[in-house]
Amino acid sequence: MRKIFGFHGGIHPPENKQQSLRTPIADAGIPPQLVIPLSQHIGAPARPVVAVGDSVLKGQMIAGPAGFVSVPMHAPTSGNIVAIEDRLIAHPSGHLARCIVIASDGRDEWIEHSGAADYRDLDKADLINRIRNAGIAGMGGAGFPTAVKLSLKPDTRITTLIINGTECEPYITADDILMRERAQQIIEGTKILSQLIAPEETLIGVEDNKPQGLAALRAAAQGCALEIVEFPTKYPSGGEKQLIEILTGKQVPSGGLPLDIGVICQNVGSTVAVYDAVVHGRPLISRITTVTGEGVAQPQNFEVMIGTPMSYLLEKAGYRPDNNKRLIMGGPMMGFTVPTADVPIVKTTNCLLAPSETELPSPPPAQACIRCGMCALACPASLLPQQMFWFAQGKEFEKLEQHNLFDCIECGACSWVCPSNIPLVQYYRASKAEILQSRHDNEKSGHARVRFEARQERLEREDIEKEAKRAARKKAAEERALAAAQGGGEEDPIQAAIERAKAKKAAQQADAGAGEENEQEKLEKAVTTTRKRLDTASAKLEQARADGSDLVAALQTGVDKTRTKLEAAEKALHDYQQEHA
Amino acid sequence: MTLMRITSPHAHGPMSTSRVMQNVLLATIPGIIVLTHFFGFGTLVNIFWGSIVAVACEALALTLRRRPLGFYLKDYSALVTAFLLCIALPPYSPWWLIAVGIASAILLAKHLYGGLGYNPFNPAMAGYVILLISFPIQMTAWAPPRGVGELPGLLEALQACFVPSTFDAVTMATPLDLMKQNNSLLLEDLWAQNAQFGRWAGIGWEWANIAFLAGGAWLLYQRIFTWHAPVAMLASLSLMAALFYDGGSSASGGSPLFHLLSGATMFGAFFIVTDPVTSTVSVRGRLIYGALIGALIYIIRVRGNYPDAVAFAVLIMNFAAPFIDHYTQPRTYGHRDTRGEE
Ligand code: SF4
Ligand code: SF4
């Protein structure tokens, strides 16, 4: 037996999987219209290669990949292209996105296609090409292009290939039923992947709440060089990072990829898609989606064409709209609500959950955080959710990042256990978005912050230097004001360092009593330049205020400092004039 | 039809703050029964009157702070404070003492800091210490246990509370007092000469401690809190007692068992140290927090000027909790080092 490692935290929410497992996978059929978003994956949206009015065959490519990290789209059935336009899609933000709309002709006529006679004869490049051309993107949720994940540099060594059959989210049974009914295809797909990336070991990880799926896999895997690993059910063991820890005891470094520790993960759904692509030459045009919840009369799994409107699929399962107020794509822990049932099923739609109000009640108002720490006990990332909540409320973004906000996988375990019903994940999501937005803004404004910090630091250092020399001769003090004024500017840090060196040299020379002749001139120049800088800085401040930029505070300090500097320079000039009058 | 848009997670676990508080209240019942059995109705009257004052104070504070009354009263936190403080107070305390204590706990220690969740100090213990400092005589007047002195009846208990001038209180030194004041007797003789001592510690006290331990164990079983802080506290208290026990000479501070079953040890371990709001959050932090409280309790019991030490020890460590938290942050997944040492 293989050693099973645990992971920190986790919860045991009611599974609610039985409802949708009572019947085998049903065919959802051909909807009259299919809406295929050009972006169903991470990366660049695909580019249409058809035009309105074209007729297409089932499996025909209708949009090509736009770059390396992108996937093509194919027609799920035969019909006519009736529109290429922006449509509402299933996305947390509920936004519009470009879609290709196909009116199906009901004939479901395939384009000519063929698979490899024996995939063992194919080389790596050929295999990857087939996977890429089939438009496969991670079907477990994120939708990362599979071909990209599998394109390894020649010297990369993979120790472990993990096929993820965990499906830890409550309600969802798409992978479970796939294992029960298509174990052979999963195993064949796994072998293909294994041949492609040549790992030292190949594991299929499955939670122990899927005994039938496990049995089917074990039967299909007889005599294969792969191991089917069963481990205790706990949410979120299907999270990629958690699964890797369970099976290997290793953790993916923060901000890194599984690849960094020699691991590649694939979901069982994607594995079957790889099998279909390589063995049958079939692109990814349909998937298994669980339709469940008390809002449907017959919860079950469907084989459904990509682009099928959710409303069509719900009808197939006996939708009861009066019993359903919210429609969730995905599971109850990490899924998101869709704005209407008219959005299409995409490659990552593993579940359509239509709960009744009694089943998943609307969240009650949050009570105070009593710091009970249950959230921290439940957090699979070993974060301190209550502290992050505190900082998120106060918008203390720096503290949030120190508390590793970005290692939060948004699994929802903390919110689930929180006795005070605080929507913790909501706070983290909002904070992440805000931090990313401000990072983005900063980059846009030409790395203003970096420049500003460099400048701020320099000004401070100059202040210190000044302090140290205050006891020196009066003339030297005048020189320093001059030097400091010359050292300023909006240049980059390197330039600043050079300037600083120059200023220092100038100050030293001044200390040594050199350059007395044009003293007056220098001081005058110092006053002018500093005044100019003050003007520029003030203008920038105004601009920032108008834009509502978060640099206002920093700019304000800058302006104040420059103003002080100007006063010093003016005073120095004045003193000099007095002395030499 | 418009669909509801809310963000994940959409499911929620069975635990609620009100339930946590209700469970804490329930878990005090065995201890209250034992206290009542051995010391009479005093504690019950304390709790009865204290709860009324607590709810009134909470309502007042919420009204002043313009918070919805019903919603916040439902969290039961005011009742928990009342129960905890009233259990700690001597039975047969006068009404004003209880009222001052509860008002300090709820108005000062809790709402002045921003209400439930924001209070750095355990309200019940803060109220207790304020009383102890202001009214040391009343606060150290503990009744003799059943079998040693006469137990007042229910009517007398009510009289003691509401018309204290007409009640003639009988009080007696507690076993902890006797232990502290002892400097000439072997423990064996101390036991023999004072009727208050029972088998392991004081009569009544030992069973009260066992009852609070039972209540605490039940809460632990309900996963209301984790074992770390209470176990660490009891372990360090026992360790300190064992170190200075010296077999029972006149200089002995008492056996570990004596300390475990005396005063507010178990009550403190399971009902005060586990107060989530004012303790530490990480597992390591809770071990440290509990252990330090245990050590402090021993030191204050044996060396300090006050009879019991739980309240002081807890308040001191409430103060230290944020610092402990800062240095015991867990290691995040995928990070090599713990945080908190930036
Ligand atoms: S679970 Fe909720 S109440 Fe408890 S500490 Fe976490 S955020 Fe606070
Ligand atoms: S949502 Fe984030 S903070 Fe909450 S339990 Fe999951 S990983 Fe931890």
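Worth saying up front: this structure is predicted, and the values here are computed from it rather than measured.
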K.L.:
Please rank A:Leu377, A:Val252, A:Ile11 by heavy-atom pairs under 4.5 Å with chain B and give me the top one.
P.N.:
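Looking at each option in turn, the highest pair count goes to A:Val252.
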K.L.:
Answer yes or no: does atom CZ of A:Phe5 have more than 12 heavy-atom neighbours from other residues, nucleotides or ligands under 6.0 Å?
P.N.:
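Yes, CZ of A:Phe5 has more than 12 neighbouring heavy atoms, counting only those of other groups under 6.0 Å.
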K.L.:
Is A:His8 reaching over with its side chain to a backbone N or O of B:Thr332, donor-acceptor style, under 3.5 angstrom?
P.N.:
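A pair under 3.5 Å: no.
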K.L.:
What residues of residues 15-26 of chain B sit under 4.5 Å from chain A when only non-hydrogen atoms are counted?
P.N.:
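From residues 15-26 of chain B, the residues near chain A are B:Met15, B:Ser16, B:Thr17, B:Ser18, B:Val20, B:Met21.
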K.L.:
So, B:His10 side chain and A:Gly335 main chain: donor-acceptor pair closer than 3.5 Å or not?
P.N.:
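Side chain of B:His10 to backbone of A:Gly335: a pair is present.
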K.L.:
Considering heavy atoms only, which positions within residues 218-228 of chain B lie below 4.5 Å of chain A?
P.N.:
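Expected list: B:Arg223, B:Ile224, B:Thr226.
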K.L.:
Under a 4.5 Å heavy-atom cut-off, does chain B meet the side chain of A:Asn421, its backbone, both or neither?
P.N.:
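Both parts, backbone and side chain.
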K.L.:
May I ask you to name which of A:Ser254, A:Gly255, A:Ala376 has the most heavy-atom pairs under 4.5 Å with chain B?
P.N.:
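Heavy-atom pair counts peak at A:Ser254.
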K.L.:
Is it the side chain or the backbone of A:Val417 that comes within 4.5 Å of chain B heavy atoms, both, or neither?
P.N.:
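Backbone only.
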K.L.:
Does any heavy atom of chain B fall under 4.5 Å from the side chain of A:Ala430, the backbone, both, or neither of them?
P.N.:
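Contact with chain B is absent: no heavy atom of A:Ala430 under 4.5 Å.
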K.L.:
With only heavy atoms counted, which part of A:Ile261 is less than 4.5 Å from chain B, the side chain, the backbone, both or neither?
P.N.:
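The answer is neither part of A:Ile261.
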K.L.:
Heavy-atom cut-off 4.5 Å, strictly under: side chain, backbone, both or neither for A:Leu327 against chain B?
P.N.:
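Both backbone and side chain.
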K.L.:
With a 4.5 angstrom heavy-atom cut-off, which part of A:Lys250 approaches chain B: side chain, backbone, both or neither?
P.N.:
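Contact with chain B involves the backbone of A:Lys250 alone.
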K.L.:
Whether the side chain of B:Tyr333 engages the backbone of A:Cys408 through a donor-acceptor N/O pair (distance < 3.5 Å, no angle test) should be reported.
P.N.:
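Side chain of B:Tyr333 to backbone of A:Cys408: no pair is present.
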K.L.:
Given 3.5 Å as the limit, does a donor-acceptor pair link the side chain of A:Arg371 with the main chain of B:Val281, or not?
P.N.:
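No; judged by distance alone, with no hydrogens or angles, the pair does not exist.
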K.L.:
Which atoms form the tightest heavy-atom contact between B:Pro330 and A:Ser382, and what is the distance?
P.N.:
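Nearest heavy atoms, B:Pro330 then A:Ser382: CG-O, 3.6 Å.
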K.L.:
Counting heavy-atom pairs under 4.5 Å to chain A, which of B:Asp75, B:Leu116, B:Asn119 comes out on top?
P.N.:
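That would be B:Leu116.
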K.L.:
So for atom OH, which belongs to B:Tyr113, do other residues, nucleotides or ligands contribute more than 12 heavy atoms lying within a distance under 6.0 Å?
P.N.:
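Not buried by this count: 12 neighbours or fewer within 6.0 Å.
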K.L.:
Tell me, side chain or backbone of B:Asp275 under 4.5 Å from chain A's heavy atoms, or both, or neither?
P.N.:
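Contact with chain A: none, neither part.
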K.L.:
Please flag which part of A:Pro253 lies under 4.5 Å from any non-hydrogen atom of chain B: side chain, backbone, both or neither.
P.N.:
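Contact with chain B is through both the backbone and side chain of A:Pro253.
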K.L.:
Name the member of A:Gly412, A:Gly373, A:Ser420, A:Pro332 that forms the most heavy-atom pairs with chain B at distances under 4.5 Å.
P.N.:
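It is A:Pro332.
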K.L.:
State whether the number of non-hydrogen atoms from other residues, nucleotides or ligands found under 6.0 Å of A:Phe397 atom CZ is greater than 12.
P.N.:
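Counting other residues, nucleotides and ligands, CZ of A:Phe397 exceeds 12 neighbours.
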K.L.:
Quick check for you: to the nearest 0.5 Å, what is the distance between B:Gln329 atom CD and A:Leu384 atom CG?
P.N.:
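If I round to the nearest 0.5 Å, the distance is 6.0 Å.
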K.L.:
I need the residue from A:Leu360, A:Ile370, A:Val425 with the largest number of non-hydrogen atom pairs under 4.5 Å to chain B.
P.N.:
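That would be A:Ile370.
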K.L.:
Which answer fits A:Pro423, side chain, backbone, both or neither, if we ask what part of it has an atom under 4.5 Å from a heavy atom of chain B?
P.N.:
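Answer is neither: A:Pro423 stays 4.5 Å or more from chain B.
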K.L.:
If you compare all heavy atoms of B:His12 against all heavy atoms of A:Trp416, which two are closest, and at what distance to 0.1 Å?
P.N.:
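Closest approach of B:His12 to A:Trp416: C-NE1, 3.3 Å.
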K.L.:
Rounded to the nearest 0.5 Å, what separation is found between the CG atom of A:Asn404 and the CZ atom of B:Arg331?
P.N.:
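So the gap between those two atoms works out to 11.0 Å.
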K.L.:
Go through the atoms of A:Cys369 and report whether side chain, backbone, both or neither lie under 4.5 Å from a heavy atom of chain B.
P.N.:
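Contact with chain B: backbone only.
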K.L.:
With only heavy atoms counted, which part of A:Glu359 is less than 4.5 Å from chain B, the side chain, the backbone, both or neither?
P.N.:
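Contact with chain B involves no heavy atom of A:Glu359 at all.
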K.L.:
Side chains of B:Ser8 and A:Arg429: closer than 4.5 Å at any heavy-atom pair?
P.N.:
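Yes. Closest side-chain heavy atoms under 4.5 Å.
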